[in-house]
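One structure below.
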Amino acid sequence: MFFRDLIRILSQFADFVIVDMNSDITSPAGLSVLLASHRIVTPFTTASSTLSHSKVYLDLLQESYQMNSLKFDPILNRAGEGGTVSEEDIELCVRRKVIATIPYDKDYLRSASKGTPLVLGKYSSSRKMFRTFRGVVHQFAREDGGI
């Protein structure tokens, strides 16, 4: 209840409340955050195991908690690269259009492994990432009537 109440309070002061969480719905925040969400950005990597794990996870949320599948917005994260999963594979699996593809970026991988933030826009490769993230935010804002 705490996290759901916190999101409700924060949403009174902001147009968007973004919660970055892991995929463990048994964590203290997990299920309550997902149930309180209007939209859930669901990242997929290019690894083939992503599809089967995500499909089971999404089916569980839809069947056990009656979550509307339209809440889920898939994103293809190419951070690991080298895999075989494409946007089309994801769209077939979850029956939703991929809203963005995050480009592969070595600077991002280095910063993530060090636990330090990557300043978006500083390097040419991270500018691509910045444009991708900005596009997603603009899409959400348009759909909510904000732009």
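What you are looking at is a predicted structure, and each value in this text was computed from that prediction instead of being measured.
Residues Val85 and Ala47 approach most closely at CG2-O, 3.4 Å, considering heavy atoms. For the residue pair Ser32 and Phe3, the shortest heavy atom distance occurs at OG-CB, 3.6 Å. Shortest non-hydrogen contact noted between Leu34 and Lys71 is O-NZ, 3.2 Å. When all heavy atoms of Glu91 and Val98 are compared, the closest pair comes out as OE2-N, 3.0 Å.
Here the CG-NZ distance, from Leu60 to Lys55, works out to 12.0 Å after rounding to the nearest 0.5 Å. Note: Ile7 CD1 to His38 NE2 = 9.0 Å, rounded to the nearest 0.5 Å. Put simply, CD1 on Ile102 and OG1 on Thr132 are 7.0 Å apart, with the number rounded to the nearest 0.5 Å. The distance from atom CD of Glu87 to atom CZ of Phe44, rounded to the nearest 0.5 Å, is 12.0 Å. For the atom pair Ser37 OG and Arg4 CZ, the distance stands at 10.5 Å (nearest 0.5 Å).
Leu70 and Tyr65 are assigned to two separate hydrophobic clusters, defined by single-linkage of ILVMFWY side chains at heavy-atom distances under 4.5 Å. Placement of Ile18 and Ile40 in two distinct hydrophobic clusters is found when ILVMFWY residues are connected by side-chain heavy-atom separations under 4.5 Å, directly or transitively. One hydrophobic cluster holds both Val136 and Phe16 under the rule that ILVMFWY side chains link at heavy-atom gaps under 4.5 Å.
Considering only heavy atoms from C-beta on, Phe72 comes within 4.5 Å of Leu61 through its side chain. Residues Ile90 and Arg96 have side chains not in contact (no heavy-atom distance under 4.5 Å, counting atoms from C-beta outward). Here the side chains of Val94 and Leu51 are not in contact, with every heavy-atom distance at 4.5 Å or above.
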Given side chain to side chain donor-acceptor pair (under 3.5 Å), test Thr45 with Thr50 step by step and report yes or no. CA-CA 6 Å; Thr45 66; Thr50 298; 2.7 Å; yes
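With Asp73 as reference, Arg39 is the one residue of Gln139, Lys97, Arg39 to meet the side chain to side chain contact (heavy atoms under 4.5 Å, CB included) rule. Of the options Asp89, Ile99, Thr101, a side chain to side chain contact (heavy atoms under 4.5 Å, CB included) to Leu76 is made by Thr101 and by none of the others.
In Asp15, the CG atom is not crowded: 12 or fewer heavy atoms of neighbouring residues, nucleotides or ligands sit closer than 6.0 Å.
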